[in-house]
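First up is the structure itself, then whatever we jot down about it.
Predicted, not measured: the structure shown is a model, and the values here were computed from it. One-based numbering along the sequence shown.
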Amino acid sequence: MADGSPLDRIHAAVSRIEAASARHAQEKAALTQRHAALRTRMAEAVAALDDVITRGTPE
(Lines give C-alpha, C1' and ligand atoms only; values in the text may rest on other atoms or scores of the structure.)
Protein backbone atom coordinates (compact mmCIF):
# COMPACT_ATOMS: atom_id res chain seq x y z
CA MET A 1 0.00 0.00 0.00
CA ALA A 2 1.29 3.43 -0.82
CA ASP A 3 2.28 5.60 2.08
CA GLY A 4 0.07 8.59 2.61
CA SER A 5 -1.82 10.40 5.24
CA PRO A 6 -4.87 8.72 6.71
CA LEU A 7 -7.00 11.32 4.96
CA ASP A 8 -5.41 10.48 1.59
CA ARG A 9 -6.10 6.79 2.16
CA ILE A 10 -9.71 7.55 3.08
CA HIS A 11 -10.16 9.63 -0.08
CA ALA A 12 -8.65 6.81 -2.16
CA ALA A 13 -10.96 4.27 -0.52
CA VAL A 14 -14.01 6.45 -1.16
CA SER A 15 -12.97 6.82 -4.80
CA ARG A 16 -12.70 3.04 -5.17
CA ILE A 17 -16.12 2.57 -3.57
CA GLU A 18 -17.69 5.17 -5.85
CA ALA A 19 -16.12 3.54 -8.92
CA ALA A 20 -17.38 0.10 -7.86
CA SER A 21 -20.84 1.53 -7.25
CA ALA A 22 -20.91 3.13 -10.71
CA ARG A 23 -19.84 -0.15 -12.34
CA HIS A 24 -22.56 -1.99 -10.42
CA ALA A 25 -25.20 0.50 -11.60
CA GLN A 26 -24.08 0.09 -15.22
CA GLU A 27 -24.10 -3.69 -14.95
CA LYS A 28 -27.57 -3.62 -13.40
CA ALA A 29 -28.87 -1.40 -16.19
CA ALA A 30 -27.40 -3.73 -18.82
CA LEU A 31 -28.90 -6.77 -17.12
CA THR A 32 -32.30 -5.09 -16.91
CA GLN A 33 -32.16 -4.30 -20.62
CA ARG A 34 -31.14 -7.88 -21.50
CA HIS A 35 -33.95 -9.24 -19.34
CA ALA A 36 -36.52 -7.05 -21.11
CA ALA A 37 -35.25 -8.20 -24.51
CA LEU A 38 -35.39 -11.84 -23.44
CA ARG A 39 -38.90 -11.41 -22.09
CA THR A 40 -40.03 -9.93 -25.41
CA ARG A 41 -38.41 -12.73 -27.43
CA MET A 42 -39.95 -15.38 -25.19
CA ALA A 43 -43.41 -13.82 -25.56
CA GLU A 44 -42.97 -13.86 -29.34
CA ALA A 45 -41.82 -17.48 -29.28
CA VAL A 46 -44.76 -18.57 -27.14
CA ALA A 47 -47.17 -16.72 -29.44
CA ALA A 48 -45.62 -18.42 -32.48
CA LEU A 49 -45.94 -21.83 -30.83
CA ASP A 50 -49.54 -21.05 -29.93
CA ASP A 51 -50.23 -20.24 -33.60
CA VAL A 52 -48.64 -23.52 -34.71
CA ILE A 53 -50.68 -25.50 -32.17
CA THR A 54 -53.89 -23.69 -33.10
CA ARG A 55 -53.40 -24.35 -36.83
CA GLY A 56 -52.67 -28.01 -36.18
CA THR A 57 -55.83 -28.56 -34.13
CA PRO A 58 -58.72 -30.06 -36.14
CA GLU A 59 -61.94 -28.12 -35.85
Checklist entry - Hey, what do you get for CD (Gln33) to CG (Leu38), rounding to the nearest 0.5 Å? => result 12.5 Å

Item to check | side-chain contact (heavy atoms from CB on, under 4.5 Å) against Ile53, all qualifying residues, sequence neighbours excluded | outcome: Thr57

Next on the checklist: Once side-chain hydrogen bond (donor to acceptor under 3.5 Å, both in side chains) is applied, do any residues pair with Ser5, and if so which ones, sequence neighbours excluded?
Outcome noted: Asp8

Checklist outcome for this item: Rounding to 0.5 Å, atoms NE2 (His35) and NZ (Lys28) come to a distance of 12.5 Å

Checklist entry - Is the backbone of His11 close enough, under 3.5 Å, to the side chain of Ser15 for a donor and an acceptor to pair up by distance? => result yes

